[in-house]
There are 2 protein chains.
Amino acid sequence: MEVGIAVAKVRKYATSNSGDTVEVVERPNGGLSVVMADGQSSGRGAKWISTLVVRKVIALLAEGVRDGAAARAASDSLYTEKGGKVSATLNILSVDKQTNTLVITRNNPAPMLLAVNENIQVLDTPSQAVGLYRDTRPLISEIPLQPGLCAVIFTDGLVHAGERYGQNMDIVTCLEVLLDDEDPTPETIAGHLLEHALKLDQDRPADDISIAVLRVTSHPGDLIRRMAIRLPLES
Amino acid sequence: MEVGIAVAKVRKYATSNSGDTVEVVERPNGGLSVVMADGQSSGRGAKWISTLVVRKVIALLAEGVRDGAAARAASDSLYTEKGGKVSATLNILSVDKQTNTLVITRNNPAPMLLAVNENIQVLDTPSQAVGLYRDTRPLISEIPLQPGLCAVIFTDGLVHAGERYGQNMDIVTCLEVLLDDEDPTPETIAGHLLEHALKLDQDRPADDISIAVLRVTSHPGDLIRRMAIRLPLES
């Protein structure tokens, strides 16, 4: 089996900083975690908040702390720092090689999608952002790693894309169409979802948008780990 | 302009853990850093060491500490923890958006390559691994970000590939050939270097091998940040 992860990220039109932060970290007992946070409001302040939350989570995950405990710690930490006045959404996708499971952690009113082959499930049980209250707990799901598994997490910029123009982003239908193709890569899925959102927003995103897609395939793999990154630079 | 980064990584044959660690982290004032460490010996112990070093560096970089200071701190930290008995090599490649430069930090006896278009320079000024002495300093180079810039860092598994079979890995010639192609992606460069090393090692790498390639192109870019990861899973 092979796990593929893709992240695509764009910032709100005419801002210089995205308020979203996405980082990937190795787990000490094998596997990887993708950590995504969206800080309240936008620009530099929001970036500071999302960075604080993601840093806290990845520092703890790197020490072997479990995902749920890391999310609770990040919430308490932001609550303490800002007196409960500032929130951030938090999603974690972890490939845990010890348990051979995908561990999904969600502190986000926005839903996320989980598919096994073409069977798409919307995880939308009410869930709270971190930082506003003491003792905010994440929703945790744990699913055996298996070929055909696909998880899609995103910040609310994707959910609300096009609203300003009376348009509606139907993420489930988009994913259905993409999964109908034979063996789509996570890059294809993340890229198409983002492009569709940008089209609805007429190429001027009304909010920061971040998407992460994790997909398990039966590809034999070759023992090589690979990572590729593209960073646009204004010149 | 656009910056592309690719990492390719394989572990020593018949070990369950790579002793190398490579992580990418966002810089708080814009840009990214790639941090690569190779812990002394191999397996779990080496992994613990390289993780310690990389964690220390990325935690400091994320707080806005400069690369050289972060490398010195990681060295002192490992020296204090292990009483100067254990070493690790350390390389950092940073895209610094504040200064519009590529900042190269090297604490590694192994050389690294820096090219502008087809002009390849070997950076091989003697340099010490971190952790063995008090006050070990890194070598730092800073180059303006410009299209055609390409930096290649690697752990010594790449340098010594094939030695067991009387073969010799000529990294400079490999890179020359790759850069002769029109606009090779960093993935192509990292992938080909690793494949060539694996061939020389007869597909049983004698040591952990990690390669990171950073390339600046004049591609206009589209304001979307992208990341893709492939993680093989033994099933």
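Here is the naming used below: chain letters follow the sequence lines, and residue numbers restart at 1 for every chain. All figures in this text were calculated on a predicted structure; none of them were measured in a lab.
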Trainee: Any chance CZ of B:Arg66 has more than 12 other-residue heavy atoms, nucleotides or ligands included, within less than 6.0 Å?
Mentor: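 Atom CZ in B:Arg66 is not packed in, count stays at 12 or less.
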Trainee: Are any of the side-chain nitrogens in A:Glu26 or B:Arg55 under 4.0 Å away from the carboxylate oxygens of its partner?
Mentor: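 Not counted as a salt bridge, because no side-chain N and carboxylate O are separated by less than 4.0 Å.
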Trainee: At a 4.5 Å cut-off on heavy atoms, which part of B:Leu145 comes close to chain A: side chain, backbone, both, or neither?
Mentor: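 When you check distances to chain A, only side chain atoms of B:Leu145 fall under 4.5 Å.
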Trainee: Return the minimal non-hydrogen interatomic distance between B:Lys97 and A:Pro232, and the atom names on each side.
Mentor: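 Taking every non-hydrogen atom into account, NZ-O, 3.6 Å.
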Trainee: Considering only heavy atoms, which portion of A:Leu198 lies under 4.5 Å from any heavy atom of chain B: side chain, backbone, both, or neither?
Mentor: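 Only the side chain of A:Leu198 comes within 4.5 Å of chain B.
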Trainee: Look at A:Thr185, A:Val3, A:Val34 and state which one has the largest set of heavy-atom pairs under 4.5 Å with chain B.
Mentor: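 Of the candidates given, the most pairs with chain B belong to A:Val3.
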Trainee: How close do A:Pro186 and B:Arg230 get, counting heavy atoms only, and between which atoms?
Mentor: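 Residues A:Pro186 and B:Arg230, closest heavy atoms: CD-NH2, 3.7 Å.
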Trainee: Among A:Glu2, A:Met1, A:His219, exactly one meets side chain to side chain contact (heavy atoms under 4.5 Å, CB included) together with B:Leu233. Which residue is that?
Mentor: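 For B:Leu233, the side chain to side chain contact (heavy atoms under 4.5 Å, CB included) test succeeds with only one of A:Glu2, A:Met1, A:His219, which is A:Met1.
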Trainee: Hey, could you give me the CD1/CZ distance between A:Ile229 and B:Arg226, rounded to the nearest 0.5 Å?
Mentor: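 Those atoms lie 13.0 Å apart.
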Trainee: Atom CD1 of B:Ile224 and atom CG of A:Leu231: how far apart are they, to the nearest 0.5 Å?
Mentor: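 If I round to the nearest 0.5 Å, the distance is 13.0 Å.
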Trainee: At a 4.5 Å cut-off on heavy atoms, which part of A:Leu194 comes close to chain B: side chain, backbone, both, or neither?
Mentor: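 When you check distances to chain B, only side chain atoms of A:Leu194 fall under 4.5 Å.
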Trainee: State whether the number of non-hydrogen atoms from other residues, nucleotides or ligands found under 6.0 Å of A:His196 atom NE2 is greater than 12.
Mentor: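 Above 12, so yes.
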Trainee: At a heavy-atom separation under 4.5 Å, does A:Val25 approach chain B through its side chain, its backbone, both, or neither?
Mentor: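 Interface part for A:Val25: both.
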Trainee: Quick one: which of A:Ile5, A:Val10, A:Val95 has the most heavy-atom pairs under 4.5 Å with chain B, could you say?
Mentor: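 So the answer, after comparing A:Ile5, A:Val10, A:Val95, is A:Ile5.
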Trainee: Please classify the contact between A:Val24 and chain B as side chain, backbone, both or neither, with a heavy-atom cut-off of under 4.5 Å.
Mentor: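 Contact with chain B is through both the backbone and side chain of A:Val24.
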Trainee: Is the count of non-hydrogen atoms from other residues, nucleotides or ligands lying under 6.0 Å from A:Lys56 atom NZ greater than 12?
Mentor: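 Result for NZ/A:Lys56: open.
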Trainee: Name the region of A:Leu214, side chain, backbone, both or neither, that has any atom closer than 4.5 Å to a heavy atom of chain B.
Mentor: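 Neither; nothing under 4.5 Å.
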Trainee: Would you say that more than 12 heavy atoms from the other residues, nucleotides or ligands in this model lie under 6.0 Å from the NZ of B:Lys47, or not?
Mentor: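 It does: B:Lys47 NZ has more than 12 such atoms within range.
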Trainee: Below 4.5 Å from any heavy atom of chain B, which atoms of A:Arg44 appear? Answer side chain, backbone, both or neither.
Mentor: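 Side chain only.
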Trainee: B:Ala212, B:Gly30, B:Ala6: which one forms the most heavy-atom pairs within less than 4.5 Å of chain A?
Mentor: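 Option with the top pair count is B:Ala6.
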